[in-house]
Amino acid sequence: MSKDLGKILLAKNDIIIDNWIAAVREHKDIESSKNLTYKSIRDNLPIVLRGLATLLSQPLNNRQQIIEEKGIEHGTIRAEQGYDINEFLLEYGLFRKIIFAVLKPDLVSCSGDEILQTVDTIDSIIDHVIALSLESYIELRLQELQELQSQLILNNQELTRLVAMQKESLSHLAHEFKSPLNSIMGFSSLLLKQQREISSGQDKSLNLQFLEKVIGNSRQLLRLINNTLEMSRIEAGKVPLSLEWINVRSQIQTVVEALEPSARQKNLQVILKCGGAPEQVLSDPLRLQQIITNLVSNAIRYTSEGSITITCEVKNDDKWLIKVADTGVGISPEAQKQIFNSYFRVASVGGYSPDSTGLGLAIVEKLVSLLNGNIELVSELEKGSSFTITFPKIIKLSS
Ligand code: ADP
């Protein structure tokens, strides 16, 4: 008497699924299943199994379709769950093994033909489901690969752009370092030569000008290194702000007191207009001082006669401003476009100003933006320049 193996399979559906999930979880090479819940391992295999049972009883076309749909879904789900192809195939191997293990007691009492037919049907259906699942699994992986590839192309473009930018600034930096270094080396060897001549009695005095050149160039090199480091620290986001309520008027006063001697040396008048300054502002005192110092020292450096006027006032309910204006050489409209770029300097008749690095305003601009501010320049050649910075009364720190 022939048995309805489809019915038996249907009756044993739960036990097959339970045994299969336990086997998948225990299998040492199906790592991806370890973090999945019982339900997400099971997903739609019971439907595949039910379809298989129905097919064993009476092959129906719509059942076949259910198997196809669920098989496709199974591959997609496993790909999304992060299964690799090996885990995926092992899982189906276990499925096949457990079906036969559970059916074995019923199969042994069947005729040889029946056994062969059942094994063949189960095998071909499982192979069919594997093929469908594999197709959808691979399709999803290919889609992912395509997305990754486009992302990689974009990243690569960005990286190439960054490397090119870095190359440019590195070669610029090397160029900037070279001239003070050459000078230091040249004058140092002249000094050593003189020193030897003095020791051997051929010469009597050391040329102090050489010594001054060495010291001057060493200072310039140090300034360059410090400014470059400061710039890269700011760019790397390594300048933490420490905000506190400060009296900006006394902050300006401190800067002016420190710089007044160099203004006096050039007979420049320093005028303070801080009557309308806010009583208290929330800011980083150190960074604010750095900004003001930079602007005022530039104003002194690039002005040969006249005055420097520093204004500080409340602009409106939310903002306050500080303006540093001079009656100096001024900046041409073309130079104004690049004035905040790193290493940009305007050469005057005698060349660059000796202690100029071209990094001061680039640092100022970065610091102003760190403090949520905005900097504007108005300048006219031979008339003077004025830098106005507007700050919000309340600074929002970006996390
Ligand atoms: P540095 O002063 O070290 O060269 P900065 O970035 O501070 O670097 O300035 C860049 C260039 O901008 C200077 O070389 C100078 O030519 C010009 N500059 C800056 N401030 C003024 C100013 N107040 N008046 C005229 N030119 C200025």
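Read the numbers this way: they start at 1 and go in the same order the structure lists the ligands and their atoms. One is the number of the first residue; the rest follow in order along the sequence.
Around atom 25 (C) of ligand 1, the closest heavy atom drawn from Phe340, Tyr302, Phe344 belongs to Tyr302. Taking each of Val364, Thr357, Asn294 in turn, the one with a heavy atom nearest to atom 3 (O) of ligand 1 proves to be Thr357. With Asn298, Leu377, Ile339 as candidates, the residue nearest to atom 20 (N) of ligand 1 on a non-hydrogen basis is Asn298. Nearest-heavy-atom check against atom 5 (P) of ligand 1 across Leu361, Ile331, Leu295 picks out Leu361.
A side-chain donor from one of Asn227 and Thr357 sits under 3.5 Å from a side-chain acceptor of the other.
Ligand 1 lies less than 4.0 angstrom from a heavy atom belonging to Gly358.
For the side chain to side chain contact (heavy atoms under 4.5 Å, CB included) with Asn13, the lone residue among Ile17, Ile15, Ile16 that qualifies is Ile17. Phe95 pairs with exactly one of Phe88, Phe100, Trp20 by the ring-ring contact (aromatic ring centres under 6.0 Å, His included) rule, that one being Trp20.
Residue-to-ligand polar distances place Gly360 within reach of ligand 1: an N/O pair is separated by less than 3.5 Å. At least one N/O-N/O distance between Arg301 and ligand 1 falls below 3.5 Å. For the pair Val346 and ligand 1, the shortest N or O to N or O distance falls below 3.5 Å.
Looking at Ser356 against ligand 1, both its backbone and its side chain come within 4.0 Å, counting heavy atoms. Using a 4.0 Å cut-off between heavy atoms, Leu359 contacts ligand 1 through its backbone alone, with no side-chain atom that close.
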Worked check of side chain to side chain contact (heavy atoms under 4.5 Å, CB included) between Leu371 and Phe391: CA-CA 7 Å; Leu371 291 170; Phe391 287 115; 3.7 Å; yes
Test log, rule side chain to side chain contact (heavy atoms under 4.5 Å, CB included), inputs Ile292 and Ile389: CA-CA 10 Å; Ile292 306 170; Ile389 307 175; over 6 Å; no
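Minimum interatomic distance between Gln290 and Glu230 (heavy atoms only, all atoms of both residues): NE2-OE2, 2.8 Å. In terms of heavy-atom proximity, Pro240 sits nearest to Asp284 at O-OD2, 4.0 Å.
Rounding to the nearest 0.5 Å gives a distance of 10.5 Å between NZ of Lys366 and CG of Leu359.
Each of the atoms 25 (C) of ligand 1 lies under 4.0 Å from some heavy atom of Val329.
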